Amino acid sequence: MSKPVEKVIANTFMELASALETGSFGKPTIVLTGLGSEHGEDNMIKGAALAASRGAKVVYIGTKEADGVKTVHAKDEKEAHGLMESMLSSGEADGAVTMHYLFPIGVSTVGRVVTPGQGKAMYIATTTGTSSTDRVEGMVKNALYGIITAKACGVKNPTVGILNVDGAQRAESALRELSKNGYDITFAESGRSDGGSIMRGNDMLSGTCDVLVTDSLTGNIIMKTMSSFTTGGSYESLGWGYGPGMGQGYDRLVLILSRASGTPVVAGAIEFASELAAGQYKSVSETEFSLAEKAGLSKVLSNIRAASAPSGGASDAGNADVKEPPKEPVTAEISGIEISDLDDAVLELWKAEIYAQSGMGCTGPVVMVNEGKLSKAEEVLGAKGFIS
């Protein structure tokens, strides 16, 4: 037997022995790129070492070394990302954690934070990237991304809440349509007295839901606030980072950190990636999207895009001749309508000869009608897609 072959065999046995000794045998391999942190490279390698000490299998790409961590040397961020991509493509790595990554349109990241109210984990869907150029369509996709991520991490039946931001009501309506058509969604109930699945700031702090659905810009702010509110903002010390890029058919496990992420968050992100890889996130994603498609996901998203297309609103020629019906007392409220759709909803009721006014209730915009015509008004607005 030649010397090179003997050396390969010896190294293989040494690697097996080391894996058995450390308990890393069979564990997912997670790559961390460490160059570019605002807190220096030491901050990153310490995070890698911390994750390794907790049992994660970590490969560090950068210039530093640490016990329990394999280092692949790179001189700058460009070289580090090239090595990371190569390791992901070859299968040498099961996932990666990095501070900057260009995801395609349709992919966005699901973060995980520690909620200060009760110290529980909550998934923020989403925190970076763009699920869709249409806000509401993006939020519906974000809900699916959050469900997939939570399930891959072992949350069997994640509760879903929608943050009370622009687009929330329409996103909830679309998600409830999917649920009605057979896609299993467990909607969270707000902790506030008026309940509902639209989450307030209080719910966000207390962790009322497992998955909090929002747009990615708002989600990004939530991540930054939740992870650094104890440090004044310059150092992210809590949580698991901005999470994995999720999207239908997307098969690369890349998790995002901020350049302000501190050592604890770096370690958490590596462990988050390891959980997802071990939890067969690809299989979970395929299953969830298959079930959602059977429930009419493509049609629901198509309807959202059609409704978002410019139509001229109240000034549209088709509404020019709509006459206001005779005034009558309006004491019944219809909620769940987007503020941008409020005037059009009122006009639809006028077309049906139902007097209505727009207003602002305690939980958002409302249309007010006569108590005796509430049922008919809800039927009209439901048929036009203003409410679910």
Side-chain angles (χ1 to χ4, degrees), residues 14-37 39-74 80-81 83-99 101 109-114 121 123 148-155 223 227 236-246 252-258 261-284:
M14 287 295 290
E15 288 177 5
L16 285 171
S18 175
L20 290 170
E21 182 181 354
T22 60
S24 64
F25 186 75
K27 289 185 177 179
T29 299
I30 307 302
V31 172
L32 170 69
T33 65
L35 296 162
S37 169
H39 304 300
E41 197 180 350
D42 282 340
N43 172 73
M44 303 300 289
I45 192 66
K46 286 178 182 177
L50 180 58
S53 72
R54 295 171 180 169
K57 188 176 180 181
V58 189
V59 175
Y60 180 79
I61 302 179
T63 67
K64 302 288 185 177
E65 297 184 359
D67 291 340
V69 178
K70 177 183 177 181
T71 294
V72 175
H73 289 274
H81 276 101
L83 289 167
M84 181 190 84
E85 292 285 7
S86 177
M87 293 176 73
L88 287 170
S89 296
S90 68
E92 188 177 350
D94 299 290
V97 176
T98 190
M99 285 168 282
Y101 197 75
T109 62
V110 179
R112 190 166 70 182
V113 297
V114 179
Y123 295 84
I148 290 164
T149 304
K151 285 188 173 183
C153 289
V155 184
M223 287 298 305
S227 60
E236 296 179 1
S237 62
L238 298 170
W240 295 265
Y242 298 73
M246 289 287 173
R252 184 153 289 206
L253 183 60
V254 178
L255 286 78
I256 298 300
L257 287 171
S258 164
S261 295
T263 293
V265 177
V266 174
I270 294 167
E271 293 169 322
F272 193 1
S274 188
E275 283 180 65
L276 288 161
Q280 303 295 314
Y281 80 97
K282 288 182 186 179
S283 176
V284 174

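Note that these values count all heavy atoms, side chains included, but never hydrogens, waters or copies made by symmetry. None of these values were measured; they are calculated from a predicted model.
A heavy-atom distance below 4.5 Å is found between the side chains of Thr149 and Leu276. Annotation: side chain of Ser86 is not in contact with side chain of Leu83 (no heavy-atom distance under 4.5 Å). Considering only heavy atoms from C-beta on, Thr29 comes within 4.5 Å of Asp94 through its side chain. With contacts defined as side-chain heavy-atom distances shorter than 4.5 Å, the pair Glu92/Val59 does not qualify. Within the 4.5 Å cutoff, no side-chain heavy atoms of Leu88 are placed close to those of Val31. Contact annotation: the side chain of Met223 never approaches that of Ser258 to less than 4.5 Å [non-hydrogen atoms, C-beta and beyond]. The closest side-chain heavy-atom distance from Tyr123 to Val155 is below 4.5 Å. In this structure the side chain of Lys64 never reaches within 4.5 angstrom of the side chain of Lys46, judged on heavy atoms.
Here the side chain of Tyr281 pairs a donor or acceptor atom with the backbone of Leu253 at under 3.5 angstrom. Although no hydrogens or angles enter the test, the distance criterion places no donor-acceptor pair under 3.5 Å between the side chain of Ser274 and the main chain of Glu271. Judged purely by atom type and a 3.5 angstrom limit, Ser227 has no side-chain atom pairing as donor or acceptor with the backbone of Gly239.
Atom CD in Glu236 sits 3.5 Å away from atom OH in Tyr242 (nearest 0.5 Å). Here the straight-line distance linking atom CD1 of Ile45 with atom OG1 of Thr71 works out to 4.5 Å at 0.5 Å rounding. For the atom pair OG1 (Thr109) and CE (Met246), the distance works out to 10.0 Å, reported to the nearest 0.5 Å. Atom CZ of residue Phe272 and atom CG of residue Leu255 lie 6.0 Å apart, to the nearest 0.5 angstrom. Summarising the geometry, atom CD belonging to Glu85 is positioned 11.0 Å from atom OG belonging to Ser90; distances are rounded to the nearest 0.5 Å.
Judged by distance alone, the side chains of Thr98 and His81 do bring a donor and an acceptor atom under 3.5 Å apart.
Here the shortest heavy-atom pairing between Pro28 and Ala278 reads CG-N, 3.8 Å. What you find for Gly34 and Glu41 is that their closest heavy atoms are O-CG, 3.7 Å. Taking all atoms of both residues into account, the shortest heavy-atom contact from Ser37 to Asn43 is OG-ND2, 3.6 Å. Of all heavy-atom pairs spanning Gly55 and Lys27, the tightest one is O-NZ, 2.7 Å. Considering all non-hydrogen atoms of both residues, Ala48 and Leu32 come closest at CB-CD2, 3.9 Å. Nearest heavy atoms, Val265 versus Trp240: CG1-C, 4.2 Å.
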Exercise for the section: Please test Lys70 against Lys57 for side-chain contact (heavy atoms from CB on, under 4.5 Å), starting from the C-alpha separation and ending with a verdict. Expected result: CA-CA 9 Å; Lys70 177 183 177 181; Lys57 188 176 180 181; over 6 Å; no

Practice task
Begin from the C-alpha positions of Ile30 and Val58 and carry the test side-chain contact (heavy atoms from CB on, under 4.5 Å) through to its verdict.
Solution key: CA-CA 5 Å; Ile30 307 302; Val58 189; 5.5 Å; no

